[in-house]
Structure formats: structure tokens, C-alpha cells
Amino acid sequence: MMNVSFNSLIPSENVSILAKELQNISGELVLKREDLLHPAISGNKFRKLKYNLQEAFILKRDTIVTFGGAFSNHIAAVAAAGKMTGLATVGYIRGEELENSYTYNTTLKYAAEHGMTLRFISREQYRHKDSEQFLEEISAQFPNAYILPEGGTNTLAVKGCEEILTPADSGFDYICTAVGTGGTLAGLIKASENTQHVIGYSALKGTFQKKVIATHTSKTNFTLKDTYCFGGYAKIDSELIRFMNNFKQETGILLDPVYTAKMLFGIFADLKKGVFPENSRILAIHTGGIQGISGMNKLLKKRSLPQIET
Ligand SMILES: *Cc1c(COP(=O)(O)O)cnc(C)c1O
């Protein structure tokens, strides 16, 4: 019988739970509760910001400038981190149409309430956000800014993500994570034992993140798949919602619709398909992202889809 248990970095109990769906599968599935790591800066976003914030202070910068979409966990995390540390924050948001209605968007409202200056730019401008010209414009407006790329992925972010794994995790055969930009996956690969295999479940179409990973590590003990991306970034259907609500009812644990739900859906499906050898010990990382649920629920309501139960 499949034992699903949970460990956490904040002092809390490990809970063993039986997943009914996996009754006939032998092995172990453990969820690392990175979502509980910090009350405001959830999961991998805390890991990715840690050394970057340190660096901003070392360089005596007064402002963090970054980029994201309307539901970005990274934008929410940077806003909260800025408020906590006294750094000013600026978020360049994809979609100028949001300018007049952003207070209806839970994530952007949260960011603004935490002191973030929001700059709405067109999708076309957003595509060129990493260009020299745009970065020069930012530097001209915010001369003492520390610029973080979209999703917060850079070398210092990967270094922070390496700390997700501890020596106690070395007994697992598989380490699984949801993937956006690939920074978290890169950190996990770097921190993994060579005998372990790291699996990245992409939350978006394609496996282009391999390029990012190759810039951070030459290790190859990983697989990246987009089999369970549900059509693309932030795309979600009633099957995924049903899975999330069922998981919540059975385990008491909330998943986020953009990342962790797709990863766990994928792990469950792969277990049932026999992708993992019998008696595999699997560690799945709950990277957080719960703040995105209320925004997603508003969208689901508009589309007459079922709500994510919280
Ligand atoms: C941002 C995010 C990810 C993706 O992390 P990357 O390092 O960009 O791949 C995964 N899960 C959650 C909950 C996130 O917020």
C-alpha cells in the first residue's frame, strides 16, 4: 500500500496518509512542505530570494526591480520581501490592459498593498524586457536598483534552491518538482546524489528549461517532462480541479493550480502507469504558490468551472 507522508522544514509533525488512488502501488511518496517554510514568502520563492536579497544589501541597493504576469507567485513574494526588509520594490507586469482593473486581481492587489510600484507594459514590451535597451531604461529610472529576472531565476536563486534538500533526503530514489523557469529544478539537481534521479514536471509546454539547467550544472541525473502541463501555463480543467479537491480532502493539504497540482497529478499518473519501479522512494517538493488560488477561483467562476476548495 502506498504511504503518503509529509515532512516540513518548519517544526511540524510528519503526517502519514494513505492515498486511496494508489492503494495497489508499493513504495513511498513523501511531500516536502516547502509551502510552510515562511508565512508570506512561500516555498521556492523564499529559496530563490534569500541570497539575492543578501546580495542587494551587500551592494547597498535600495530597490528591487522585477517582472511577472498577473498571477505571479514571484511578484507576490518580492513585494512581501521588500516590505519585510525595507527595500523598495517595482514590478513590471505583463499586460497594459490590467492597469485600470488590477485591484480586482488578488496577486497584484496584494503586491500593491505591500508597497510594490506596479508598471504595466504591453506584451510586446514585455517580450523585450531582458534587452539591453530596456534594462538601461530601468537603470535610468531606478539608478540604485537590483534587477531580478522573471521568476527570480539566476545563479544565486539556484544556490538557494540547493538548500531545499538536506542530508536526510539522500535516501530517496526520486526527487520531484514542478517546473517554471527551471531554477528550482537546477538547484535540486545540483544538490542531489548522483544515485538519485530528479524529475521536473513542467507547468508549461515544452522542455526549453533544459537550456537554463545546462548553464547551472553539467549533471544529467534528471528528466524534464511536460506531459502533465494541461495545455500550458496556468491552464487548468475540471479534471485537475477534481484531483486537487480530492487531494485536499484526503490529505488536508492544499495544492496550487499552476504548479504543484500538475506535478502531483503527474506523479500519481506515473505511479499508476508503472513509470516508477516497484518500491520506489519518492520525495515530491511542495513549492508553495497557494496565494494564486483565489485569483484562479475568480477565473473559474467566470468560466463556470468548479471552484478549488480551500
Ligand atoms: C515559481 C514556482 C515554481 C517554478 O519554479 P522555477 O524555479 O521557476 O522552475 C514551482 N512551484 C511554485 C509553487 C512556484 O511558485
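Whatever order the structure lists them in is the order used to number ligands and atoms, beginning at 1. This is a predicted model, so every value here is computed, not measured.
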[X] neighbourhood, listing ligand 1 atoms whose heavy-atom distance to it stays under 4.0 Å:
X      : result
Lys48  : 5 (O), 6 (P), 7 (O), 8 (O)
Gly288 : 13 (C)
Asn73  : 13 (C), 14 (C), 15 (O)
Gly289 : 13 (C)

Touching ligand 1 at all, [X]? Heavy atoms, strictly under 4.0 Å?
X      : result
His286 : no
Gly43  : no
Leu185 : no

Please list the nearest protein heavy atom to [atom] with its residue and the distance rounded to 0.1 Å.
atom                    : result
atom 8 (O) of ligand 1  : Thr181 OG1, 2.6 Å
atom 3 (C) of ligand 1  : Asn44 ND2, 3.2 Å
atom 4 (C) of ligand 1  : Gly180 N, 3.4 Å
atom 11 (N) of ligand 1 : Thr287 OG1, 2.6 Å

Under 3.5 Å between some N or O of ligand 1 and some N or O of [X]?
X      : answer
Thr260 : no
Asp256 : no
Gly182 : yes
Val179 : no
Tyr259 : no

Would you call [X] and [Y] a salt bridge, taking side-chain N to carboxylate O under 4.0 Å as the test?
X      : Y      : answer
Arg61  : Glu55  : no
Lys45  : Glu34  : no
Glu124 : Arg127 : yes

Do [X] and [Y] have side-chain N/O donor and acceptor atoms under 3.5 Å apart?
X      : Y      : answer
Tyr51  : Glu163 : yes
Thr207 : Asp226 : no
Ser42  : Gln291 : no

Option of least heavy-atom distance to atom 1 (C) of ligand 1 (set: Gln291, Glu150, His74, Lys45):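 Comparing heavy atoms across Gln291, Glu150, His74, Lys45, the nearest one to atom 1 (C) of ligand 1 lies in Lys45.
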Quick one: are the ring centres of Tyr201 and Phe265 less than 6.0 Å apart? no
Any idea how His197 and Tyr174 line up, ring-wise: parallel (<30°), tilted (30 to 60°), or perpendicular (>60°)?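 Judged by the thresholds at 30° and 60°, the geometry between His197 and Tyr174 is perpendicular.
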Quick one: pull up CZ in Arg303 and OG in Ser238 and give me the separation to the nearest 0.5 Å.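 Taking CZ in Arg303 and OG in Ser238, the distance rounds to 11.5 Å.
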Straight-line distance of Lys159 NZ to Gln54 CD, nearest 0.5 Å: 7.0 Å
Measure from the side-chain N and O atoms of Thr66 to the backbone N and O of Leu148, and report whether any donor-acceptor pair falls under 3.5 Å.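 Yes.
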